[in-house]
Amino acid sequence: MKTLFFGAGSMAHALVSGAIEAKVLERENVTITNRSNKKRLLEFAEHFDVKGVSGHLAPEFDVVILAMKPKDFHDAAPSIRRSLSSNTLVISVLAGISLQHIRESLAFDGAIARAMPNTSASLRKSATAITCNELLTEKQREWTLELFRSVGYIAEVQEHQMNLITAVSGSGPAYIYYVVELLEKAAIDTGMPEELAKALILQTISGAASMLEHSGLEAGMLRKNVTSPGGTTEAGIGILEESGIGEAFMKCVDAARNRAEEMGNELAINRMR
């Protein structure tokens, strides 16, 4: 499939890296373009040995992937429109932007899929939700699923679920990194050498993820299994509960979901002006 990526940021980087490694994308069939950062475009193209192009692009692509920042979508829409033919498959990885909004903004009555991967795609460890309009052919649908399957776990969902999924798994890696950041700081501030703290915490996170994946037990049960009455873990968990960490995570996910909805609404309003 001849594939054009609009945007040369972290998500495009992750997808291209993972999909080329999995041989779903072939380097000679990949073209990257972006609106303003020509240095980034050149570095991206050289890193992956793909074609980097700025300026007008003819409608010669089987697939166009929208991977710019969501706020840049409207400015890019005229260029995107010129790159489409009636047979092009458009795939969006833009948070908050609905299938209908993409169709209307591009004046495109063709096949559109919307996906929400995360940046772990570069290691083929993404969690990706996918929803499509009814105009995809079976070949286009299967290729879309294969593309995202090549970079991790996939789930086909209803579109109304996408903003919540964005808040949970799209933004989720950052929440985990933040927990690790805080745990490292706590360890170092209480006397542990920095390199030792990083090594122990990294292995702890990796081991916990493996237990969640392979033990067959729910997270709550795994937690209870290592929380002995009157022990050290119980003391630590007690402080987290007293500090309202459960409520904080609820507010975190709710705020991220609301922001995804707001982004879509803001873009719709701007388009009408």
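Small disclaimer: the values here were computed from a predicted structure and weren't measured.
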Please name the pair of heavy atoms, one in [X] and one in [Y], separated by the smallest distance, quoted to 0.1 Å.
{"X": "Phe249", "Y": "Val179", "result": "CZ-CG2, 4.3 Å"}
{"X": "Leu15", "Y": "Val93", "result": "CD1-CG1, 4.1 Å"}
{"X": "Glu194", "Y": "Ile188", "result": "CG-CD1, 3.7 Å"}
{"X": "Ile32", "Y": "Val16", "result": "CD1-CG2, 4.1 Å"}
{"X": "Ala256", "Y": "Tyr175", "result": "CB-OH, 3.5 Å"}
{"X": "Phe73", "Y": "Ile102", "result": "CZ-CA, 4.1 Å"}

Any side-chain heavy atom of [X] within less than 4.5 Å of one from [Y]?
{"X": "Leu89", "Y": "Asp62", "answer": "no"}
{"X": "Thr33", "Y": "Phe5", "answer": "no"}
{"X": "Ile91", "Y": "Val64", "answer": "no"}
{"X": "Cys132", "Y": "Arg114", "answer": "no"}
{"X": "Phe6", "Y": "Ser79", "answer": "yes"}
{"X": "Leu4", "Y": "Ser83", "answer": "yes"}
{"X": "Ser243", "Y": "Ile239", "answer": "yes"}
{"X": "Met192", "Y": "Leu200", "answer": "yes"}

Carboxylate-amine/guanidinium proximity below 4.0 Å for [X] and [Y]:
{"X": "Glu142", "Y": "Lys139", "answer": "no"}
{"X": "Glu262", "Y": "Arg259", "answer": "yes"}
{"X": "Arg141", "Y": "Glu138", "answer": "yes"}
{"X": "Glu181", "Y": "Lys185", "answer": "no"}
{"X": "Arg257", "Y": "Asp254", "answer": "yes"}

Using 30° and 60° as the class limits, which term best fits the ring planes of His74 and His101: parallel, tilted or perpendicular?
->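 Judged by the thresholds at 30° and 60°, the geometry between His74 and His101 is tilted.
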Under 30°, 30 to 60°, or over 60°: which ring-plane class applies to His13 and Phe44, parallel, tilted or perpendicular?
->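 Aromatic pair His13/Phe44 classed perpendicular.
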Steps toward side chain to side chain contact (heavy atoms under 4.5 Å, CB included) verdict (Val226, Leu222) = CA-CA 7 Å; Val226 297; Leu222 287 170; over 6 Å; no
In the single-linkage hydrophobic clustering (I, L, V, M, F, W, Y; side-chain heavy atoms under 4.5 Å), do Met211 and Tyr153 co-cluster?
->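 They do not share one cluster, since no chain of ILVMFWY contacts under 4.5 Å joins Met211 to Tyr153.
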Would a hydrophobic clustering, with Ile, Leu, Val, Met, Phe, Trp and Tyr connected at side-chain separations under 4.5 Å, put Leu99 with Met116?
-> no
Leu135: hydrophobic cluster co-members (side-chain, 4.5 Å) |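 Listed partners: none, Leu135 stands alone.
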Linking Ile, Leu, Val, Met, Phe, Trp and Tyr by side-chain heavy atoms under 4.5 Å, what else ends up with Val253?
->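 Noted: Val253 shares its cluster with Leu164, Val168.
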Would you say the side-chain atoms of Arg82 pair up with the backbone N or O of Pro59, donor to acceptor, closer than 3.5 Å?
->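 Looks like no, no N/O pair under 3.5 Å.
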Given Lys251 and Glu247, is the side chain to side chain contact (heavy atoms under 4.5 Å, CB included) satisfied, shown in steps?
-> CA-CA 6 Å; Lys251 288 180 177 179; Glu247 183 180 0; 3.3 Å; yes
If the test is side-chain contact (heavy atoms from CB on, under 4.5 Å), which one of [options] qualifies with [X]?
{"X": "Leu106", "options": "Ile112, Thr88, Ile80", "value": "Ile80"}
{"X": "Val90", "options": "Asn133, Leu84, Ile65", "value": "Leu84"}
{"X": "Met162", "options": "Ile130, Thr131, Ile97", "value": "Thr131"}

Mind running side chain to side chain contact (heavy atoms under 4.5 Å, CB included) on Ile20 and Val50 for me, showing each step along the way?
-> CA-CA 10 Å; Ile20 286 178; Val50 299; 4.1 Å; yes
Run the salt bridge (charged side-chain N to carboxylate O under 4.0 Å, His left out) check on Lys198 and Glu195 step by step: do they pass?
-> CA-CA 5 Å; Lys198 289 180 180 296; Glu195 290 306 312; over 6 Å; no
